[in-house]
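Here's the structure we're looking at; comments come further down.
Just so you know, these numbers use all the heavy atoms, side chains as well, and skip hydrogens, waters and symmetry mates. Proteins get letters first, then strands, A, B, ... in listed order; numbering begins at 1 in each.
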Number of protein chains: 2
Amino acid sequence: MATLKDVARLAGVSVKTVSNVVNGYSFVKPDNRRRVEEALEATGYRPNLGARNLRRGRTGFIALVLPELSIPYFAELAGLVITAAQEHEWNVLIEQTFGTLAGERAALASLGPHLVDAAILSPEALLVDDFQLSVPAVLLGEHAVDVPISRVGIDNVAAARTAVRHLISLGRTRIAAIGAHPHRGTAALRLEGYRTALAEASLPFSGDLVVPALNYHRADGAAAMRSLLDMPTPPDAVFCFNDLLAIGAMRTAAERSLRVPGDLAVVGFDNNEESVYSSPSLTSVAPDKGAIARAAVDLLHRRVESPDDALEDVETPFSLLVRESTVAG
Amino acid sequence: MATLKDVARLAGVSVKTVSNVVNGYSFVKPDNRRRVEEALEATGYRPNLGARNLRRGRTGFIALVLPELSIPYFAELAGLVITAAQEHEWNVLIEQTFGTLAGERAALASLGPHLVDAAILSPEALLVDDFQLSVPAVLLGEHAVDVPISRVGIDNVAAARTAVRHLISLGRTRIAAIGAHPHRGTAALRLEGYRTALAEASLPFSGDLVVPALNYHRADGAAAMRSLLDMPTPPDAVFCFNDLLAIGAMRTAAERSLRVPGDLAVVGFDNNEESVYSSPSLTSVAPDKGAIARAAVDLLHRRVESPDDALEDVETPFSLLVRESTVAG
DNA sequence: ATGAAAGCGCTAACAA
DNA sequence: TTGTTAGCGCTTTCAT
């Protein structure tokens, strides 16, 4: 692998001149420039990012800390973050936490400034005292605790409210919610939106219809739905806090020979690709994942450039995509 | 951020001694060791990986080049590769190619030895002359062209044959295949397995029943299935070259009010999580993704240690998971 | 406009 | 056993 020095020797100039050409700096005598460019070409020179970053005091990487790539929402998001990061010449380092406190602590601990320039965090279990980050960071989703860190996300209360109002507009009156969680910020807000929508329609709130989920996988949704269907008076609609829960819930409904949406209307959250092709297809709250990814990366870039700027809280848009699980096709 | 020198000064020893302690080298006088460890603790020292790797001539990263993270198979695989890489103290850099030749070329071009120590490639469009890699690499899947590079994958012919034999054992006689592709190695092999199974059962092979798919997304499967159902004599079973195609095909079947598996049996390939919860759940060929990820990373590690070893071709196991799309639950 | 040289933080060859 | 030091490849003063 050719180094700057090799190129300099070949071109008969100093490394400084070559460096100037490579980085597009200042004025270089046309003649020298030409010679350098030829040498660059001849050697196939490619800068050693490690060395450059060591010198510049940056790493060229940002971390993306998320629960699991096998969760479609995070996989899609990760792809978008990678694309967005390329525009700032950042490479993305993905760390999986598997949604555990230990996993999140381990990920954060490995995030020294020598490894990454900044970090995008999607924590599920993190406590406030863990946020001793040494690099600029942005939170995706919600603050589970009150911590001084920028955030990018949607208005979860409004989104949940929109979803539940849709169910109410369909004439449903026993509307369940799946996904309550002891310490996830998003869960609390979506529950709040659910309650708000019910109250606005003067529908009673019943704790029985709110089913917790310790994880947000398909299996959890299936289990939650079973418990709902075992009730003396099962719900006629269910709002799930993510699409995976909804897919699981629909699976249970199918196993019990319930018609969706006839007997049970189902709304999810996240708008996974998968939900477009399920049978029935799933009505879902669709955050603009591209906007989230871009906003997070841009925010981080701003912060790395000027670390003393005020914290930001970026709200990205969402929409409700109505499909067969609430309105028969 | 504390450096080795800071620690050395605090402990009253030389950097060498600190380095020895940090790296677990040779013998260090117990007294010094204690002092160093205290200083390490006090300063919260964390090695600068960039500097270490610059010195060691390695980067601490491997690249994972794949089409798209939004494809569940690759998302799951990526998660497993990240986990496997951790055991060798490697971080994983994910590059998306979006399945295009340009994307794959761009990804490969960015893979200098200064960026990554090795690369895992999952190409779809790559031509032979593009394989001018400067780092050890391993191919996931199949050689589309005859190129000297190690490979990890399953026996695609045998896997496809197993899938189709299963359909035949169910008494199906008009078995279609979705996913033929002009230059994907896996497609060719799965098609071969399909033909072999038909031949073994003395079933006629009909080109009409083989539908190409330019991409392997759900939409492509849905479209392919529509074309099959528009035939005068539609198939009674279909073998899809991946689960997404199968999910799309089942969606089309549902839209046409066909019963699966009654009117149409469906088999997929990859065993996505999604396929366990679809209605009906999907019978699928299940590669051992964990084994693939581990084998690829281990192979790369071996190769980085001893670059002159012979190329390897690692075959990982697979199984057929029978679910409702072929055998009613 | 360009060259010489220091130094980013680390490891390892060489000395002691 | 430990210290001194060169140098990985690069950027960037400071001279010139």
Could you tell me whether a side-chain N or O of [X] sits under 3.5 Å from a main-chain N or O of [Y], the two making a donor and an acceptor?
X	Y	value
A:S306	A:R303	no
B:Q96	B:L69	yes
B:R151	B:L140	no
B:D6	B:T3	yes

Review point. Are A:R35 and A:D31 ion-paired here, with the side-chain N under 4.0 Å from a carboxylate O?
Key: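 Salt bridge present between A:R35 and A:D31.
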Taking the side chain of [X] as its heavy atoms from C-beta onward, which of [options] lies nearest to it?
X	options	answer
A:R52	D:dT11, C:dG9, C:dA1	D:dT11
B:N32	D:dT2, C:dC10, C:dT2	D:dT2
B:L4	C:dC10, C:dG9, C:dT2	C:dC10
A:S14	D:dG3, C:dG3, D:dC10	C:dG3
B:L54	D:dG9, C:dC10, D:dT2	D:dG9

Separation of atom [atom1] in [X] from atom [atom2] in [N], rounded to whole Å:
X	N	atom1	atom2	result
A:K5	C:dA5	NZ	P	12 Å
A:R58	D:dG9	CZ	P	20 Å
A:L115	C:dG9	CG	C1'	14 Å
B:D6	C:dG9	CG	P	8 Å
A:N48	C:dC10	CG	P	17 Å
A:R9	C:dT2	CZ	P	20 Å
B:N23	C:dG9	CG	C1'	13 Å

Check your understanding: What do you reckon, is CD of B:E315 surrounded by more than 12 foreign heavy atoms closer than 6.0 Å?
Key ->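 More than 12 heavy atoms, drawn from other residues, nucleotides or ligands, come within 6.0 Å of this atom.
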Review point. Taking only residues two or more places apart in sequence, or in another chain, which ones meet B:T97 in a side chain to side chain donor-acceptor pair (under 3.5 Å)?
Key: none
Practice item. Look at all strands and tell whether B:N53 reaches a base, only sugar-phosphate, or nothing, counting heavy atoms closer than 4.0 Å. Key: nothing
Review point. Looking at A:T17, does any N or O in its side chain come under 4.0 Å of the phosphate oxygens OP1/OP2 on C:dG3?
Key: yes
Using a cut-off of under 3.5 Å, enumerate the N/O to N/O pairs linking the protein to nucleotides 12-16 of chain C.
residue, atom, partner, partner atom, Å
C:dA12, OP2, B:Y25, OH, 3.2

